[in-house]
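When reading the values below, keep in mind they use all heavy atoms of this one structure, side chains included, and skip hydrogens, waters and symmetry mates.
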Amino acid sequence: MVTIAPYGTWTSPIGAADAAAAGGGPHWVDLHRGVPWWAEGRPAEGGRVALVRDGHDLLPPPWNVRNRVHEYGGRPWVVLDTPDGTRVAFTDWDDQRIHLFDPDDPRPRPITAEPQRHHGLRYADLTAGPDHTEVWCVRETVTGDARTDVRRDLVAVPLDGSPVRVLAASHHFMTGPRVSPDGRRLAWIGWDHPRMPWDGSELCVAEIGSDTHRVLAGGPDEAVCQVEWEGDDLLVLTDPDGWWNLFRIGLDGTAVNLAPCREELGGPMWRLGNRWFATIDRGRYAVLRSGAPAVLDERSGTVTDIDVDLPVWHAHLAVHDGVLVGSAAGPLTEATVVSLDLSTGELTEHTRPGATLPAEYLPVPVERVVTGPDGDVPAHVYPPTNPDFAAPDGEKPPYVVHVHGGPTGRSAPVLDADIAYLTSRGIGVVAVDYGGSTGYGRAFRERLREQWGVVDVADCAAVARALAEEGTADGDRLAIRGGSAGGWTAAASMTTVRTYRCAMIAFPILDLRGWTGEGGETHDFESRYVEGLVGPWPATADRYAERSPSHRVEHLAGPVLLLQGLEDEICPPDQADRFAAALDGTGVPHAYLTFEGEQHGFRKAATIVAALQAELSFYGQVLGFTPADVPVLELRR
């Protein structure tokens, strides 16, 4: 029997605890001797990351397989076939050291030095050295202020604890080295401030033991995002023509596009060690076409989609004997480790979701394209979905615009438990790929150049207004939500347009000057990012002040909910602290929740539950409905 009840008041079997259980998921999927390995987030275990071999945990708590290089981290583990047998090297979050253990007798021991006061060492993008007696990787050295006193080197870490050797150091930022099959050369990607890696980066090659290197591809307006060896040649994802395509590049610099297409086969290098392509056999490669699996055939110059039940794959591809392994998701399925037999099309799932969510309560995202001020704006609409309820005749649902982070991220038509938590209660959600998003080529990505806080705000508002004008959403009950760069856009929207009644703003950027220039408050990796997004500092200092929500509190269009991790080094709590303090006494309803032990993005189950329940209560109080079964969030004025 269907119950008639206002949107937002529906009850649902999808609870905040279910969303928290789903908040982990697999990362860094790879193969060793045909067996899948991966790292897996565990919200119920304090947000630690476990190391898993074919479904079996290898390390008990409190081991936490993560690292802090660039603060976003990079590939944290590698399997080595040493003269003494199989060994695993990994980085642990607590001390950032590389540890080594036998997977059949896991008693890890450190093989890098203990961190010293005011002198931190971090390692990422681990790979095996030529004879598997060393780990080769990026080493990040912090000698003082982690925002300014940082150096990076490519290093060889001997498994026996001998002194670490420096292999190369070409740029301020580098990926881990890739060793040629003959063990004579290494290749890597490097870039320098003020560019981000998706703006401009360079492919470097050096003879092992040499203190010089050559640049074979890339530059200030070309972004290399993955490199692998194939004999004496290099397979490289780069975008000289405005799209990340797969090239073969010889040591003489000769480059051939293996399948020219106006498609993105690569992505933004936020973390070190992602793999958007893997070799099936010479001339055939598994690739991701805007996130979907495909086969690139060099002989025909074509990219052919793979028909598979889980259509969205993450950049952790590996191939062994014609079997493709990675993590994949779909509209009704969260990310899971899968293997796909490329000859038969048989898909095998190796993991189970942290929470089994009832399919009939899950929204199926609908792809839309809306015309914005600068052109098309793609979006995914998640309608209110609950078989037990219907709204009264004539009532239109409240809708929340979800803004992805980055801002070079993108939305994908997959199950998101946080979104299902809202839609199953009668609140629609629309995820917007505003100008600047990845997946649509460099020109689309560069719509945001010097226009952050303008183009993103306008595109999100255009989508919200389109849904309201066509009657899909209640135009008087629109909200906006986002975290990190998405939190910036949510806050900037609330201080520049009157489209939304309220906003949920998580671990945000609120003061642009605090993110660059003198006394910058963020980490080294992104400390110059804003110069490309807003303008050179200090020449455009007025623009920084005009766009910063922290300078426009008096222009707020409505209430806000702020959520912040207290250990966040990327968007430190100082900015949210100041914003919340400025709101006190203004009469604008607001709440500010902080969470101990959380960094950039929430990993602990208790945090995820508290944040979601607070968000639902907040929407109810502002948009005029009473949600069921959640504590009432206290709003200050």
Side-chain angles (χ1 to χ4, degrees), residues 1-16 18-19 331 357-368 370 379-403 411 413 415-432 460-482 490 493-494 497-504 557-561 589 612-633 635:
M1 180 177 178
V2 176
T3 301
I4 305 299
Y7 289 113
T9 67
W10 302 351
T11 57
S12 168
I14 301 173
D18 296 315
L357 305 180
E360 62 270 27
Y361 294 86
L362 301 179
V364 177
V366 178
E367 295 190 35
R368 296 287 304 275
V370 169
H380 292 99
V381 178
Y382 294 80
T385 305
N386 188 318
D388 303 328
F389 288 90
D393 286 344
E395 183 183 1
K396 297 175 184 176
Y399 254 80
V400 179
V401 172
H402 174 75
V403 190
S411 64
L415 171 59
D416 183 316
D418 289 7
I419 289 176
Y421 177 78
L422 297 175
T423 57
S424 64
R425 286 163 171 77
I427 303 168
V429 177
V430 56
V432 181
C460 289
V463 171
R465 286 194 297 267
L467 295 184
E469 289 168 1
E470 71 186 25
T472 297
D474 184 343
D476 294 325
R477 293 194 294 170
L478 297 172
I480 188 168
R481 72 190 300 263
S493 296
M494 290 298 291
V497 298
R498 293 294 180 264
T499 306
Y500 313 101
R501 291 277 304 279
C502 61
M504 188 284 285
V560 296
L561 167 61
L612 269 177
Q613 290 182 338
E615 185 178 0
L616 180 59
S617 175
F618 173 70
Y619 292 147
Q621 292 181 61
V622 178
L623 302 181
F625 56 84
T626 303
D629 304 325
V630 295
V632 176
L633 175 69
L635 298 179

Q: Taking all heavy atoms of M504 and all of A490, pick out the closest pair and write down the distance.
A: O-CB, 4.1 Å
Q: Under 3.5 Å, is there a donor-acceptor pair between the Q621 and S617 side chains?
A: yes
Q: Would you say R501's side chain and D476's backbone share a donor-acceptor pair under 3.5 angstrom?
A: yes
Q: Tell me, with the steps shown, if R368 and E470 meet salt bridge (charged side-chain N to carboxylate O under 4.0 Å, His left out).
A: CA-CA 13 Å; R368 296 287 304 275; E470 71 186 25; 2.9 Å; yes
Q: Looking only at side-chain N and O atoms, does Y361 offer a donor or acceptor that is under 3.5 Å from a partner on D388?
A: yes
Q: How close do Y619 and V400 get, counting heavy atoms only, and between which atoms?
A: OH-CG1, 3.6 Å
Q: Answer whether the closest heavy-atom distance between the side chains of F618 and L635 falls below 4.5 Å.
A: yes
Q: Do you know the tightest heavy-atom contact between H380 and S411?
A: ND1-OG, 3.0 Å
Q: Judged by atom type as modelled, is there a donor-acceptor pair below 3.5 Å linking the side chain of T9 to the main-chain atoms of A5?
A: no
Q: Is any side-chain heavy atom of I14 less than 4.5 Å from a side-chain heavy atom of P358?
A: yes
Q: For a side-chain contact (heavy atoms from CB on, under 4.5 Å) check, start with the C-alpha distance between V401 and V432, then their side-chain angles and the critical distance, and finish with the verdict.
A: CA-CA 7 Å; V401 172; V432 181; 3.8 Å; yes
Q: Can you list the steps and then say if S12 with Y421 is a side-chain contact (heavy atoms from CB on, under 4.5 Å)?
A: CA-CA 8 Å; S12 168; Y421 177 78; over 6 Å; no
Q: Given side chains that start at C-beta, do those of Q613 and P631 come closer than 4.5 Å, heavy atoms only?
A: yes
Q: What pairs of residues pass the salt bridge (charged side-chain N to carboxylate O under 4.0 Å, His left out) test when at least one of them lies in residues 613-626, not counting sequence neighbours?
A: R481-E615
Q: Should L467 and V430 count as side-chain neighbours, where that means a heavy-atom distance under 4.5 Å?
A: yes
Q: Can you tell me if N386 uses its side chain to pair, donor with acceptor, with the backbone of T11 under 3.5 Å?
A: yes
Q: Between Y500 (side chain only) and A461 (backbone N and O only), is there a donor and an acceptor less than 3.5 Å apart?
A: yes
Q: Determine whether T385 and L362 satisfy the following criterion, side-chain contact (heavy atoms from CB on, under 4.5 Å), listing intermediate values before the conclusion.
A: CA-CA 6 Å; T385 305; L362 301 179; over 6 Å; no
Q: Evaluate the side-chain contact (heavy atoms from CB on, under 4.5 Å) criterion for residues Y7 and I427: first the C-alpha distance (whole Å), next the side-chain angles of each, then the deciding distance (0.1 Å), finally the verdict.
A: CA-CA 6 Å; Y7 289 113; I427 303 168; over 6 Å; no
Q: Which pair of heavy atoms, one from A391 and one from W10, lies closest together, and at what distance?
A: N-CZ2, 3.9 Å
Q: Identify the two heavy atoms, one from D18 and one from P13, that lie closest to each other, and give their separation to 0.1 Å.
A: OD2-O, 3.2 Å
Q: Are any side-chain N or O atoms of T423 and backbone N or O atoms of P384, one a donor and one an acceptor, separated by less than 3.5 Å?
A: no
Q: Hey, are the side chains of L478 and I480 touching, using non-hydrogen atoms and a 4.5 Å cut-off?
A: no
Q: Could you tell me whether the side chain of C460 reaches within less than 4.5 Å of the side chain of V403, counting heavy atoms only?
A: yes
Q: For D474 and P398, which heavy atoms make the closest approach, and how far apart are they?
A: CB-N, 4.5 Å
Q: Look up atom CZ in R465 and atom OG1 in T499, then write down how far apart they are to the nearest 0.5 Å.
A: 5.0 Å
Q: Between E395 and R477, does the salt bridge (charged side-chain N to carboxylate O under 4.0 Å, His left out) criterion hold? Intermediate values first, please.
A: CA-CA 11 Å; E395 183 183 1; R477 293 194 294 170; 3.0 Å; yes
Q: Just wondering, do Y399 and P383 contact through their side chains at under 4.5 Å, heavy atoms?
A: yes
